[in-house]
Amino acid sequence: MNFKKWTTALMLALAVSSCIQDEALNSEAAIDACTGADVQLAHINSDSKEINIYVHKGANLAKQQLLFTLPDGATIKADEHSPNDILNNYDFSNESHSRTFTVTSEDGEWTATYTVKVVPAEMPETFHFEDLLPSAGTEYDIFYEFEPGTSTSVSRVAQWSSGNPGYKLTGMTDNRTGYPTQQVTDGYRGNGLKLTTCDTGSFGAMVQMYIAAGNLFIGSFDLANALKDPLRATKFGIQYYKRPIALKGYFKFKAGEVYTDEGEVQKDMKDRFDIYAILYEANENSFMLDGSNSLTSENIVAKAQISEEAAVETDEWTAFELPFEPMNGNEINKSKLQDGKYKLSIVLSSSVKGAYFKGAVGSTLYVDELELISEEI
């Protein structure tokens, strides 16, 4: 090897070695997810640094297992220690049921302090779409329902989830009215829900996710999984303690003009919306159905879904009532129901095949005044 080639090779080797030695430590300080034995839902607002964790109504608040998912190398610590804190179990028995936790990045340069609140709750049975989280800190709408408890009953709380956080990645809008899922003031009664199938632009084309259907569901949205496995990014269900009989409500719908399938125009296809609810068995609290199996899982014991014939275009508010039908030959077990071994979800979408990127940009579904009819057994 001549001197010039030898020098070049040496410089390259030194450069590679330097790159390896100087590889920057992770500078992220965040909480990406939270699970635990009693955790039903964990809604994480990365902007306001607030986390609402909904737990089984009979959960022991003095001993809550919280398993936080953090960026590589990051650490988390409760800001104040409680004598009942052991490993990943934390005491939330104080009056507010909330505590603060600080996350420190791997490089030690960045910190983020989160307020974590544990909420014992049951699922509501009426949904009015009147309220948005006041401290959401985001430009998109986050719906919630709240019925305060009494001396003899716990609160009924549900934060709806949507794909809005995923749509934010497209950069297609910078205000709430451009998102697929939003609140409107002209509902059937008061405010209402508007779901619109939207174009995802050049970003969507790059990742082969050409449209984003407006959706709303009881469950959680896993933003970290939104690009690599979008079907499994939607997690459905929260514990339910009654036998569901029917799902009622009102809708309006207008289909978009051009139907596409993975970006290709389908001239003989017309879009339609979807409304359905499922009750399924979840013996392990961590078990949740997702977009890949929410209509096909053998764990489903009952389903209510609007038919193709009933999912019509209409400019007028139209009432619907969907009976729950038994599925997979399963029967609801009374003792399991009382022990919180079943979960229920309601799912609304402006494009029935939107999860598979099939639908029409502009398809718009309005929904209001949902009611879940159930009975004690």
Side-chain angles (χ1 to χ4, degrees), residues 1 3-36 39 42-53 65-81 85 87-90 98-117 135-140 142 161 163-174 179 200-209 212 220-235 286 290:
M1 180 182 293
F3 180 77
K4 183 177 181 180
K5 290 184 177 179
W6 182 86
T7 303
T8 301
L10 178 61
M11 291 177 65
L12 180 60
L14 290 173
V16 171
S17 176
S18 177
C19 288
I20 293 173
Q21 292 177 6
D22 297 337
E23 183 178 352
L25 297 175
N26 198 328
S27 60
E28 293 180 274
I31 295 176
D32 296 326
C34 180
T35 58
V39 175
H43 283 278
I44 300 174
N45 191 312
S46 58
D47 295 317
S48 65
K49 302 295 187 292
E50 294 177 324
I51 304 178
N52 287 332
I53 297 176
Q65 181 194 58
L66 300 183
L67 305 174
F68 296 104
T69 300
L70 309 174
D72 289 343
T75 58
I76 189 170
K77 184 178 180 180
D79 291 344
E80 294 184 2
H81 179 75
D85 292 349
L87 296 176
N88 295 315
N89 293 286
Y90 301 95
S98 64
R99 298 177 63 176
T100 57
F101 292 75
T102 296
V103 182
T104 303
S105 62
E106 183 181 34
D107 62 9
E109 296 294 322
W110 301 94
T111 62
T113 299
Y114 285 78
T115 299
V116 179
K117 183 173 184 178
S135 58
T138 63
E139 66 266 25
Y140 51 80
I142 300 177
S161 292
N164 277 349
Y167 192 73
K168 183 177 181 178
L169 299 176
T170 69
M172 291 291 286
T173 184
D174 58 3
Y179 278 88
T200 55
S202 57
F203 178 87
M206 178 180 66
V207 296
Q208 297 183 324
M209 301 176 185
S220 61
F221 182 77
D222 180 8
L223 182 60
N225 223 17
L227 295 181
K228 62 182 179 181
D229 198 348
L231 284 176
R232 290 182 170 83
T234 49
K235 308 290 187 180
S286 60
D290 56 44

Closest heavy-atom contact between Tyr140 and Pro165?
OH-CG, 3.5 Å

Between Pro230 and Leu227, which heavy-atom pair has the shortest distance, and what is it?
CD-O, 4.0 Å

How about Trp110 and Thr104: do any of their side-chain heavy atoms sit closer than 4.5 Å?
no

For Thr102 and Thr113, what are the C-alpha separation, side-chain angles and deciding distance, and is it a side-chain hydrogen bond (donor to acceptor under 3.5 Å, both in side chains)?
CA-CA 4 Å; Thr102 296; Thr113 299; 3.1 Å; yes

Ionic contact status for Asp85 with Arg99, cut-off 4.0 Å:
yes

If you round to the nearest 0.5 Å, how far is CG of Asp107 from CD of Glu28?
10.0 Å

Keeping Thr69 on the side-chain end and Asp32 on the backbone end, is there a donor-acceptor pair under 3.5 Å?
no

Does the gap between the ring centers of Phe101 and Phe68 come in under 6.0 Å?
yes

Just how far is it from atom OG of Ser98 to atom CG of Asn52, taken to the nearest 0.5 Å?
9.5 Å

Separation of Asp47 CG from Glu139 CD (nearest 0.5 Å)
7.5 Å

Go through the steps for Ile76 and Ile31 under the test side-chain contact (heavy atoms from CB on, under 4.5 Å), then give the verdict.
CA-CA 9 Å; Ile76 189 170; Ile31 295 176; 3.7 Å; yes

Looking at every non-hydrogen atom in both residues, tell me the closest pair between Ser105 and Ala29 and how far apart they are.
N-CB, 4.0 Å

I'd like to know if the side chain of Glu106 and the backbone of Asn26 have a donor-acceptor N/O pair within less than 3.5 Å.
yes

Exam field: side chain Tyr90 to backbone Leu66, donor-acceptor pair closer than 3.5 Å:
no

Do Lys168 and Tyr179 touch side chain to side chain, with heavy atoms closer than 4.5 Å?
yes

Between CG on residue Asn225 and CG on residue Leu223, distance to nearest 0.5 Å
9.5 Å

Where the side chain of Thr170 meets the backbone of Phe203, is there a donor-acceptor pair that is under 3.5 Å apart?
no

Report yes if some heavy atom in the side chain of Lys235 is under 4.5 Å from a heavy atom in the side chain of Ser220; otherwise report no.
yes

Does any part of the side chain of Lys77, heavy atoms only, come nearer than 4.5 Å to the side chain of Asp79, both counted from C-beta?
no

Within the 4.5 Å heavy-atom criterion, are Cys34 and Ile53 side-chain neighbours or not?
yes

Let's go through Val103 and Leu70 carefully: what are the C-alpha distance in whole Å and the side-chain angles of both, what is the deciding distance for side-chain contact (heavy atoms from CB on, under 4.5 Å) to 0.1 Å, and is it a yes or a no?
CA-CA 8 Å; Val103 182; Leu70 309 174; 4.3 Å; yes

Could you give the distance from NE2 (His43) to CD (Glu50), rounded to the nearest 0.5 Å?
13.5 Å

Gap separating the CG atom of Asp290 from the OG1 atom of Thr234, nearest 0.5 angstrom:
6.0 Å

What closest approach, in Å, do Met172 and Gly201 show between heavy atoms, and which atom pair accounts for it?
SD-CA, 3.7 Å

